[in-house]
Amino acid sequence: MFLVGLTGGIACGKSTASAIFEERGIQVVDSDAIAREVVQPGEHAYTKLRAEFGDEFFDDENGGVLRREKLGKVVFADSDKRRRLNAITHPEIRKRILLRLLRHFVNGERFVVMDVPLFFEVGYHRFIKKVVVMDCDEQTQLARLMARDGMSEEDAKARIRSQMPMEEKRKLATYLIDNDGSREDTAKQIHEVIDQLEASLLPFVVRGIILAVIAAVVALSVLCLW
């Protein structure tokens with residue numbers, strides 16, 4: 001099994017891409033969904049967030065759930081608070097991602113897509129070499145974000161500025177998907193990427209290396225017993 005990163009700017013179409021991968025039977029590990037899981041009441045990250053940011057960011061009338069939009073406005077306007085948030089949530093997110101990847105490996109998947117908005121920002125590109133970057137022009141991105149999340153232009157621009165500039169992400173892409181057009185246009189590009197990935201021998205090479213390492217460890221253990 002090998003890993004394929006899926007990223008791009010906020011509101012550039014990662015969710016659309018994930019859905020298309022899944023339609024083709026490709027397993028997708030969605031870090032956004034996992035991020036929502038780790039801040040549910042009772043979770044370790046939830047407890048630390050509440051202690052760090054205070055009760056005002058939690059809705060005690062509805063089970064104490066995190067007020068994500070309220071906290072989001074604060075952290076996306078303050079880089080120090082954003083770092084504190086990430087320091088609490090990212091370790092928990094990474095643990096769950098690793099557990100899901102392990103399960104997919106055991107199930108014999110040829111490759112798995114990791115849908116990670118901050119893929120480059122958190123350094124995943126250091127060990128995942130094939131990366132799909134969803135791209136669209138700046139005005140389209142801004143309009144989609146405002147419409148999707150119902151936020152003001154000022155808040156939307158703050159969210160966009162908090163991420164690595166798209167110009168830099170484009171340079172690091174293995175596959176760059178133009179999502180300015182229709183879903184059909186986007187789907188055509190992604191299907192072409194999937195066809196290339198499925199034709200690759202890399203999954204067999206990776207699995208062979210892993211099995212060889214396991215065999216070597218077992219053989220060494222047997223020798224040590226003698």
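Index from 1, following the sequence. It should be emphasised that the depicted structure is a prediction, and the values quoted were computed from it without experimental measurement.
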Give me the atom names and distance for the closest heavy-atom approach of M166 to D135. CE-OD1, 3.3 Å

How long is the span from the CG atom in L118 to the CG atom in N86, to the nearest 0.5 Å? 7.0 Å

Validation row: K48, H44 side chains within 4.5 angstrom (heavy atoms): yes

Could you grab the distance from atom CZ of R24 to atom CD1 of I194, nearest 0.5 Å is fine? 4.5 Å

Is the shortest distance from a Lys or Arg side-chain nitrogen in E56 or R67 to a carboxylate oxygen in the other one below 4.0 Å? no

Same apolar cluster (I L V M F W Y, side chains within < 4.5 Å links), V75/V65: no

Is it the case that R84 places NZ or CZ above or below the six-membered ring of F53, under 6.0 angstrom from the centre and within 45 degrees of the axis? yes

CA sep, side-chain torsions, deciding dist, call: V132, T174, side chain to side chain contact (heavy atoms under 4.5 Å, CB included): CA-CA 6 Å; V132 178; T174 312; over 6 Å; no

Verify the cluster assignment for L99 and V122: are they in a single hydrophobic cluster under the rule of side-chain heavy atoms below 4.5 Å apart? no

Main chain of R36, side chain of Q40: is a donor-acceptor contact present, judged purely on distance under 3.5 Å? yes

Are the side chain of K14 and the backbone N or O of G9 linked by a donor-acceptor pair below 3.5 Å? yes

Does N107 use its side chain to pair, donor to acceptor, with the backbone of E109 at less than 3.5 Å? no

Check the orientation of F58 and Y46. Use parallel for under 30°, tilted for 30 to 60°, and perpendicular for over 60°. perpendicular

Rounded to the nearest 0.5 Å, the CZ atom of R96 sits from the OG atom of S31 at a distance of 13.0 Å

Other than M151, what residues sit in its cluster of Ile, Leu, Val, Met, Phe, Trp and Tyr side chains whose heavy atoms are under 4.5 Å apart, directly or through others? I10, L142, L145, M146, I160

If you compare all heavy atoms of P91 against all heavy atoms of A87, which two are closest, and at what distance to 0.1 Å? CD-O, 3.3 Å

Is it the case that more than 12 heavy atoms not belonging to E192 sit under 6.0 Å from its CD atom? yes

Could you check if a side-chain atom of V4 sits within less than 4.5 angstrom of a side-chain atom of V112, using non-hydrogen atoms only? no

Using a strict 4.0 Å threshold on nitrogen-to-oxygen distance, state whether E154 and K157 make a salt bridge. no

Minimal heavy-atom distance between G64 and R50, with the atoms involved, is O-NH1, 3.9 Å

Does T7 reach the main-chain N or O of V116 with its side chain, forming a donor-acceptor pair under 3.5 Å? yes

Rounded to the nearest 0.5 Å, what separation is found between the OH atom of Y175 and the CD1 atom of I190? 13.0 Å

Between R183 and E23, is the salt bridge (Lys or Arg N to Asp or Glu O under 4.0 Å) condition met? List the steps. CA-CA 13 Å; R183 189 181 191 277; E23 288 168 9; 3.0 Å; yes

Separation between CZ of F120 and CD1 of I128, rounded to the nearest 0.5 Å: 10.5 Å

Is the closest basic N to carboxylate O distance between R68 and D59 below 4.0 Å? no

Note: K188-E184 ion pair, threshold 4.0 Å (strictly below): no

Can you find a pair of side-chain heavy atoms, one from K171 and one from L176, that are under 4.5 Å apart? no

Within the structure provided, determine whether D115 and V29 are in side-chain contact (heavy-atom separation under 4.5 Å). no

Of the non-hydrogen atoms in L172 and V131, which two are nearest, and what is the gap between them? O-CB, 4.4 Å

Between E37 and R100, does at least one N-O distance fall below 4.0 Å, as a salt bridge requires? yes

Identify the heavy atoms of M134 and G13 that sit nearest to each other, and give their distance. CE-O, 3.6 Å

Please round to the nearest 0.5 Å and tell me the distance separating atom CD1 of I93 and atom CG of L98. 12.0 Å

Let me know which of K169, R82, R126, R83 forms a salt bridge (Lys or Arg N to Asp or Glu O under 4.0 Å) with E121. K169

Please tell me if the side chains of V113 and S18 come closer than 4.5 Å, counting only heavy atoms from C-beta onward. no

Against L3, only a single residue in M114, K130, H104, K129 fulfils side chain to side chain contact (heavy atoms under 4.5 Å, CB included); can you say which? M114

C136 backbone acceptor or donor facing T140 side chain under 3.5 Å: no

Grab the two heavy atoms, one from N179 and one from C12, that are nearest each other, plus how far apart they are. ND2-O, 2.8 Å

Within the 4.5 Å heavy-atom criterion, are I26 and F111 side-chain neighbours or not? yes

Does R110 use its side chain to pair, donor to acceptor, with the backbone of E198 at less than 3.5 Å? yes

